[in-house]
Amino acid sequence: MSRTFERGSQIFEDERPLTDDWDPEELPERDGELGHIHNALAPAIRDTGVGPHNMFLFGKTGQGKTAGIEYKLEDLEKAADDAGLDITSINYNCAGDSSSYHVLINLVERLTGDNLNGHPMSKITNEFFEAVSDIGGTVIVVLDEIDNIGTSDEILYSIPRAKSNGNIPDSMHLSVIGISNNFKFRDNLSPKVKDTLFDEEIHFAPYNATQLRSILERRADQAFKDGVLDEDVIPLCAANAAQDKGSARQALRYLYKAGELASNTGNEMVTEDHVRRARERIDRKNIEKGIREMTLQDQMSLTAVVALEVEGSTPAKTTELYARYKDIAREINADIRTQRSLRDHLLELDLMGVVDATKKQTGNRGGPHYVFEMASDLGMTLDILSEDSRLGDAVELVTTNRSIEEYLD
DNA sequence: GATCCACTGGAAGATAAGGAAT
DNA sequence: ATTCCTTATCTTCCAGTGGATC
């Protein structure tokens, strides 16, 4: 069977609004947060001696943090033009930089064209402030995904203090806006950075199903041809994403994939069934990626949860999981860690969203303890784990145990 | 209501691996 | 090649928690 490539689509009018790098024209679902940002930026336009406040935006991925700040900065620059004020924003994404040093080098390269890699930190810092001084007026540095710099947070300290340290002229303003989806990063920052940086902390809470629905509707309007979406398609995508992470990005992926499935198979309508299949594929990809990137210890911990889940004995306590974990580690000849360590791994898996950890205060012996169970799809997880070259044997053992038990029943 | 117990959470120190400096 | 530094990951240890038990 041979297919010819065809121009145009029965389904899509314009696919761009469904992709990650689309800049939305409005964000009504984020009115509250945008209001906060507005207030924090407002001093720049008032021009009464103070620059815009430093800000820290945090919230999980796909909550409109980046889109929100870009949206307000655009507003601000327009207002500055009208008012004849000199305001410049520098947008920088720290993904791929592992320290303040890297970030500064790349910022300097972007501003001056010189790559100063290898030079001492102090020279690079000076070079950066000189470049900023050349721009003059009000300069706002936006550092997206700032958590990548880990604990080397000098840059977050030096930018807010630039004026009082005499690095830039008194006549100008320099502020920094940090964006992060990692809550731990915020807690681990050094106290002096917290002092200087957090004039404003703005939290982006996950979208609920209704909000996701209106976001999807707006994008779908532009992306799809009229009337090709079954009426349940958008609510289903929204509900699925809301239940999981509350991420707009995720909801859009479901919708886009569903559209592609319909388009590729020559259907004229996108149906609920397409959404279901799109979701299965995307979720499986996500779980696969997550598991592949785990350390062996994480994978074995997960296998232990899977094993007990298969037997129907979840939610299970740490001790029960530890016994199973030891069996698994022995089976594949891996190092056996302590129970304390396993607990940390299990809690780590909880953060990733693969398993669910619940803290209980009751129990036949009292005192606090955790119970763990699977959060992601058991069948898919089992499938993916058993494909692993090393863990496969252990997984087989787990499933064989089940068949023996079923036999005994 | 004192004591017990299974578990937690945090700290301190050990160990290994990777990178930079010498 | 060797030494030093940093970072990540574990282990060991132990006080703290709070319902169960006597």
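Computed from a predicted model, the values in this text were never measured in an experiment. Residue numbers start from 1 in every chain, and the chains themselves are labelled A, B, ... in the order their sequence lines are given, proteins ahead of strands.
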#### Entry: Length of the CG-P vector between A:L347 and B:dG10, whole Å
11 Å

### Message
Using the side-chain heavy atoms of A:H345, tell me which of these nucleotides is nearest: C:dC10, B:dC7, B:dG9.
### Response
C:dC10

### Query
Rounded to the nearest Å, what distance is computed from the CG atom of residue A:D344 to the C1' atom of nucleotide C:dT9?
10 Å

### Message
Distance check needed: B:dG9 C1' versus A:Y370 OH, whole Å only.
### Response
8 Å

### Task
Write down the atom of A:A248, the atom of A:I215, and the distance for their closest heavy-atom approach.
CB-CD1, 4.3 Å

### Message
Do A:N93 and A:E145 pair up side chain to side chain, a donor and an acceptor below 3.5 Å, judged on atom types alone?
### Response
yes

### Query
Taking the side chain of A:T318 as its heavy atoms from C-beta onward, which of B:dC7, C:dT11, C:dT17 lies nearest to it?
B:dC7

### Task
Would you mind reading off the distance between A:H369 atom NE2 and C:dG18 atom C1', rounded to a whole angstrom?
12 Å

### Query
Side chains of A:T295 and A:D298: do they bring a donor and an acceptor to under 3.5 Å?
yes

#### Entry: Salt-bridge criterion met for A:E280 and A:R276 (N-O under 4.0 Å)
yes

### Query
Choosing from C:dT12, B:dA6, B:dT8, which nucleotide comes nearest the side chain of A:K317?
B:dA6

### Task
Name the nucleic acid region contacted by A:Q339, choosing base, sugar-phosphate or nothing; use a 4.0 angstrom heavy-atom cut-off, strictly under.
nothing

When you compare the protein's N or O atoms with those of nucleotides 11-13 of chain B, which come within less than 3.5 Å of each other, and at what distance?
none

### Task
Whole angstrom is fine here: how far is it from CZ in A:R337 over to C1' in C:dC10?
6 Å

### Query
Looking for any heavy atom pair under 4.0 Å, which part of the strands does A:L342 touch: base, sugar-phosphate only, or nothing?
nothing

### Task
Look at A:Y322 and B:dC7 and indicate whether a side-chain polar atom (N or O) is within less than 4.0 Å of OP1 or OP2.
no

#### Entry: Of the listed nucleotides C:dT12, B:dG9, C:dT17, the one nearest the side chain of A:T338
C:dT12

### Query
Between A:Y322 and A:Y325, what is the ring plane arrangement, given parallel below 30°, perpendicular above 60°, and tilted in between?
parallel

#### Entry: Ion pair A:R218/A:E29, N-O distance below 4.0 Å
yes

### Query
Can you tell if the side chain of A:D144 reaches within under 4.5 Å of the side chain of A:N91, non-hydrogen atoms only?
no

Quick one: which protein N/O atoms are closer than 3.5 Å to N/O atoms of nucleotides 3-5 of chain B? Pair and distance per line, please.
| unit_1 | atom_1 | unit_2 | atom_2 | d |
| --- | --- | --- | --- | --- |
| B:dC5 | O3' | A:R365 | NE | 3.2 |
| B:dC5 | O2 | A:R365 | O | 3.3 |

#### Entry: Atom-to-atom span, CG of A:D298 to P of C:dT9 - whole angstrom
9 Å

### Message
So that I know where these two stand, are A:F204 and A:F58 an aromatic pair - ring centroids less than 6.0 Å apart?
### Response
no

### Message
Quick one, A:S89 with A:E77, criterion side chain to side chain donor-acceptor pair (under 3.5 Å). Give me CA distance, side-chain angles, the key distance, then yes/no.
### Response
CA-CA 8 Å; A:S89 71; A:E77 280 170 12; 2.7 Å; yes

### Flag, side chain of A:N54 to backbone of A:V176, donor-acceptor distance under 3.5 Å
yes

### Query
Taking the side chain from A:S313 and the backbone from A:L308, do they hold a donor-acceptor pair closer than 3.5 Å?
yes

### Query
For the side chain of A:K359, counting heavy atoms from C-beta on, which of B:dC7, B:dG9, C:dC10 is nearest?
B:dG9

### Message
Given the ring of A:Y207, does A:R30 sit roughly above its face, with NZ or CZ under 6.0 Å from the centre of the six-membered ring and within 45° of the axis?
### Response
yes

### Task
Answer yes or no: does a side-chain N or O of A:T319 lie under 4.0 Å from OP1 or OP2 of B:dC7?
yes

Below 3.5 Å is the cut-off: list the nitrogen or oxygen pairs between protein and nucleotides 15-17 of chain B, distance only.
none

### Message
What is the separation between atom CD1 on A:I336 and atom P on C:dT9, rounded to the nearest whole Å?
### Response
20 Å

### Message
In whole Å, I'd like the distance from the NZ atom of A:K360 to the C1' atom of C:dA20.
### Response
17 Å

